[in-house]
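Down below is the structure, laid out as structure tokens.
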Amino acid sequence: MRHDNRGDRLIKKQILSLNKHLPRKRKFLDELLLEERPHVVGGDNSRHRFKRDELRRLSQIIEESEYHLLRLPIYIEIDSNASGSRISGRLENKVICNILKIKDCSSEIYLYRKDIKLLRKELPTTTQYVFLVR
């Protein structure tokens, strides 16, 4: 039986409230490129709109045959147990490595504040923070 103390439960509850903006369902790049007003609906019923210029930029980085595989927004995972932020997924990291000019790219990378700042400047609407507690 697992026993969380009250402080742990409170922190987890706060983290859940920080993630209420996350979309109920992410959409694929090919879907968003066809929409007149590309967007996803958040768990708090807010509408998160994507800038068309960013979507076009992403479409120039990956192959057209991969558009139906790239889910947006790309999540920047902030973990309570890690010092850096993680981004996972082959296509997601292909995009991130292209933007940040990282040569050796894998299906999972860790980024630090300087890189996150640059990434969010370049892709403010197609990336989102997600907070994790383990």
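Interatomic distance, CD of E35 versus CG of D30, reported as 10.0 Å (0.5 Å rounding). L55 CG to L123 CG: the interatomic distance, rounded to the nearest 0.5 Å, is 10.0 Å. Remark: C105 SG to N93 CG distance equals 5.0 Å, nearest 0.5 Å. Distance check, rounded to the nearest 0.5 Å: CD1 of I96 to CG of L91 gives 11.0 Å. In this structure, L32 CG and S59 OG are separated by 11.5 Å, a value rounded to the nearest 0.5 Å.
No donor-acceptor distance shorter than 3.5 angstrom exists from the side chain of N98 to the backbone of K94, with no hydrogens or angles considered. For the pair N19 (side chain) and F131 (backbone), a donor-acceptor distance under 3.5 Å is present.
Between L70 and E92 there is a side-chain heavy-atom pair separated by less than 4.5 Å. Looking at heavy atoms from C-beta onward, R26 lies out of side-chain contact with Q128 at the 4.5 angstrom threshold. I62 has its side chain within reach of L29: a pair of non-hydrogen atoms, C-beta onward, lies under 4.5 Å apart. Side-chain contact between K27 and P38: absent, with no pair of heavy atoms (C-beta onward) separated by less than 4.5 Å. Looking only at side-chain heavy atoms (C-beta outward), Y67 and L58 stay at 4.5 Å or farther from each other. You'll find the side chain of I74 stays beyond 4.5 Å of the side chain of L119, heavy atoms only. Within the 4.5 Å cutoff, the side chain of S88 has no heavy atoms near those of the Y75 side chain. I61 is listed as a side-chain neighbour of I99, based on a closest heavy-atom distance under 4.5 Å.
T125 pairs in a side-chain hydrogen bond (donor to acceptor under 3.5 Å, both in side chains) with only one of the listed residues (E54, H48, H39, R52), which is E54.
Taking R120 as the reference, nothing meets the salt bridge (Lys or Arg N to Asp or Glu O under 4.0 Å) condition, with sequence neighbours excluded. Under the salt bridge (Lys or Arg N to Asp or Glu O under 4.0 Å) criterion, R57 pairs with E122, sequence neighbours left out.
In this structure, L132 is a member of the same hydrophobic cluster as L22, with clusters built from ILVMFWY side-chain heavy atoms closer than 4.5 Å. Taken together through direct or relayed side-chain contacts under 4.5 Å among Ile, Leu, Val, Met, Phe, Trp and Tyr, F28 and V40 form parts of separate hydrophobic clusters. No continuous path of ILVMFWY side-chain contacts below 4.5 Å connects V41 to L72, so the two sit in separate hydrophobic clusters.
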Could you list the donor-acceptor pairs under 3.5 angstrom formed by side chains in residues 106-115, with sequence neighbours left out?
| residue | atom | partner | partner atom | Å |
| --- | --- | --- | --- | --- |
| S106 | OG | E108 | N | 3.3 |
| S106 | OG | E108 | O | 2.7 |
| E108 | OE1 | R86 | NH1 | 2.4 |

